[in-house]
Amino acid sequence: MEKIAVFPGSFDPLTVGHESLILRGLEIFDKIIVAVGINNDKRGFLPVEKRLELIKSVFAGRDRIIVKTYSNLTVDFCIENNATHILRGLRTSADFEYERAIAQVNRLMKPEVDSVFLLSHPEYSSVSSSLVREIVQYKGDARKFLPEGIDFEYFFGYNPENQ
Ligand code: ADP
């Protein structure tokens, strides 16, 4: 049976940290569903459609990576998609405390879905979507923190080379 994991998050936007985790996840799972959570109460930085487009452009041609949105409980989304695991990344001890609570509550709700954590590689442990958003807001060069080859101008509205 195919082993499928859901990698849930806001991905606002996808960073090199997320990219690295997804690629490492492919060594463990047959398929990874990158699941962009839609939160109607929270206005994002990039619209959800652009977040999806960015992720799809990074993983174009990789049929083991599927990109979807969801707006229900992560564990319910996993079951709907035949995923047995939730994949999450750990950068710091603060991430660990936060993730521990979520994973334990998820397990109480749906014990058939388990959580798997990968420690961030050290070069990515300070990289976050919020850091990228901050740099982009001030029209800085955030390319180091974003996957290679994305159309920066299309997604962020300016050319970082001209800054
Ligand atoms: P959320 O809002 O659910 O935390 P994010 O998009 O910020 O969504 O993160 C999704 C997942 O990716 C989380 O498990 C987070 O810990 C992980 N992650 C984020 N940045 C990195 C990074 N630099 N290295 C490894 N994992 C990361």
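All ligand and atom numbering here is 1-based and tracks the order in the structure.
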Could you say whether the N/O atoms of [X] and ligand 1 ever approach to under 3.5 Å?
X: F11; value: yes
X: S10; value: yes
X: Y98; value: no
X: R91; value: yes
X: H18; value: yes
X: R88; value: yes
X: G89; value: yes

Side chain proximity check, [X] to [Y], heavy atoms < 4.5 angstrom:
X: H18; Y: L21; answer: no
X: I86; Y: V113; answer: yes
X: R133; Y: P13; answer: yes
X: I28; Y: L87; answer: no

Q: Is it possible for you to check whether K139 lies under 6.0 Å from the centre of the six-membered ring of F156, through NZ or CZ, and within 45° of that ring's axis?
A: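 Not flagged: K139 not positioned over aromatic ring of F156.
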
Q.
Please list, in number order, the atoms of ligand 1 under 4.0 Å from a heavy atom of V127.
A.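 This gives 20 (N), 22 (C), 23 (N) as the contact atoms.
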
Q) For ligand 1, which atoms have a heavy atom of S120 less than 4.0 angstrom away? A)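 With S120 as reference, the close atoms of ligand 1 come out as 24 (N), 25 (C).
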
Q) Which value, rounded to the nearest 0.5 Å, describes the distance between C78 atom SG and D114 atom CG? A)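 Interatomic distance, C78 SG to D114 CG, rounded to 0.5 Å: 10.5 Å.
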
Q: Under 4.0 Å, heavy atoms only, figure out whether ligand 1 is touched by the backbone of H121, its side chain, both or neither.
A: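 No part of H121 comes within reach of ligand 1.
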
Q: For Y70 and E80, test the side chains for any donor-to-acceptor distance below 3.5 angstrom and give the result as yes or no.
A: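 Y70 vs E80: no donor-acceptor pair found between side chains.
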
Q. Strictly under 4.0 Å, does any heavy atom of F7 approach an atom of ligand 1?
A.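 True for this residue.
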
Q) Hey, is P8 one of the residues with a heavy atom under 4.0 angstrom from ligand 1? A)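 P8: in contact with ligand 1 (<4.0 Å).
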
Q. Does the gap between the ring centers of Y124 and F145 come in under 6.0 Å?
A.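 No, the ring of Y124 stays outside the 6.0 Å limit from the ring of F145, centre to centre.
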
